[in-house]
Amino acid sequence: MSQQLDIDQIRAQYPILTRKIDGHDLIYLDNAATSQTPRCVVQTIEDMYYMHKANVHRGVHTISQEATDRVEATREKVRDYINAGSTQEVIFTRGTTEAINLVASTFGDMLYNGDEIIVTAMEHHSNIVPWQLIGRRKRVRLRVVPVSDRGECDLDAYEDLFTDSTRFVALAHVSNVLGTVNPVKEMIAIAHRHGVPVLIDGAQAMPHMRVDVKDLDCDFYAFSSHKMYGPTGVGVLYGKRHWLNTMAPYQGGGEMIGNVTFEHTTFADLPFKFEAGTPDYVDVAAFGAAIDYIKELGMENIAAHEHELLEEATRELLEIPGMRIFGTQSGKGAVISFLVGDISSYDMGLLLDKLGIAVRTGHHCAQPLMQRYGVQGMVRASFAVYNTLDEVHRFTAAVKRVAGMF
Ligand SMILES: *Cc1c(COP(=O)(O)O)cnc(C)c1O
């Protein structure tokens, strides 16, 4: 157990963790879908609504200036946290999905029939479908990096996929199903040797590891606040300035313009060119509090704690007859996807819920990956900083009990 963190004190910040489900203490193990939100973040939302609510970047009045300052303070916190070169490279979106759609749509405008995009077999649907939507307008083809039985990308196969037609690479930093941490720095370097830019889907990396976009040298990096103890409705697209300047705006409206006439409109400078309309400024401000919270706990401490939970859960689950764990990379992220015998993920999830345990079941927005493993769905337990070893023991005992019922 990490000596640095007082987990009881951390848990006290999450009222939901005192809930009971069917008379059992809630054990929340669906953190990879969304994490819970500590009081400090919710208090920031309340403070924004009660004391600082005014539209941003528009008014000269004091309250508008306060709201604007809080949004821009979060932008600087994000910039600093991911080590981006400039706040111009930090664009607020509704989430990872919108960030990827922004790039697919605007970068996609610059693609031609016959162009190719490389993705991996472990991508979330939100890093597959936006690229396919370009392909509906133009004949753009997805090339797919295969995944081994252990759940790792085959780097030789990856390099072999590059052709003269390769225009873009889009890949997950950490798999939401397998927990696999892809060697993205190396994969980005390979793409750059072929002159191809890379987008990293960082939705599962940001809650669990330090990310330095300058060190990775990625061209784009996308992530969501709600998976990192922050509010819903906010995400970030980091993009290298020269790409963002090259790309056309994504949506039109207020905030994103320079000068508008019916004949000709000019666009605002970065990052506002990509932020049409009133942003979710309340939640953006609160996302700043979530970043402060993570920094205060220390990402190294969070990761060490989650790693211990993962190791213990893995060890105990593997004692159950018929247990299959998908994704066995050493050093993987804090998710375990599994099946027991021929018990469907749905049945397992339903019965665990009766015992107060919240896990995810089904295809996890990664149907191609389910096909890769020849299954309909999986059960996934995923950990956050407020989970405890005691919860892990109760979870694995519950899986064992359910397995024994079939
Ligand atoms: C959750 C997730 C997404 C989508 O994030 P949203 O917040 O739903 O937009 C994309 N990729 C991965 C790997 C995810 O885990």
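Counting starts at 1 for both ligands and their atoms, in listed order.
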Inset, instruction - Distance to 0.1 Å, residue and atom name: give those for the protein heavy atom nearest to atom 14 (C) of ligand 1. - result: K227 NZ, 3.0 Å
Inset, instruction - Looking only at protein heavy atoms, identify the closest one to atom 10 (C) of ligand 1 and say how far it is in Å. - result: S126 OG, 3.0 Å
Legend entry - Passing option when F326 is tested against M378, R380, M370 for side chain to side chain contact (heavy atoms under 4.5 Å, CB included): M378
Inset, instruction - Just jot down the ligand 1 atoms closer than 4.0 angstrom to any heavy atom of Q204, in number order. - result: 13 (C), 14 (C), 15 (O)
Legend entry - Closest protein heavy atom (residue, atom, distance) for atom 8 (O) of ligand 1: T97 OG1, 3.7 Å
Legend entry - ligand 1 contacted by D201 (non-hydrogen, < 4.0 Å): yes
Legend entry - Atom indices of ligand 1, in the order listed, that fall short of 4.0 Å to a heavy atom of T96: 4 (C), 5 (O), 9 (O), 10 (C)
Inset, instruction - Nearest 0.5 Å please: distance from the CD1 atom of I294 over to the CG atom of L297. - result: 8.0 Å
Inset, instruction - Look at ligand 1 and say whether A172 reaches it with a heavy atom at a distance under 4.0 Å. - result: no
Legend entry - Spacing of OG1 belonging to T328 relative to CG belonging to D149, to within rounding of 0.5 Å: 8.5 Å
Legend entry - Proximity flag H226 to ligand 1, non-hydrogen atoms under 4.0 Å: yes
Inset, instruction - For residues T120 and V144, determine if any side-chain heavy atom of one lies less than 4.5 Å from a side-chain heavy atom of the other. - result: no
Legend entry - Test of proximity, E98 against ligand 1: N or O pairs below 3.5 Å: no
Inset, instruction - Going by the side chain to side chain contact (heavy atoms under 4.5 Å, CB included) test, name the single residue among E255, Q251, M247 that passes it with F274. - result: M247
Legend entry - Interfacing atoms of ligand 1 (cut-off 4.0 Å, heavy-atom, S224): 5 (O), 6 (P), 7 (O), 9 (O)
Inset, instruction - Give a yes or no on whether the backbone of S224 and the side-chain of T96 come within a donor-acceptor separation of less than 3.5 Å. - result: yes
Inset, instruction - Hey, can you tell me if F162 and H194 have their rings parallel, tilted or perpendicular (30° and 60° cut-offs)? - result: parallel
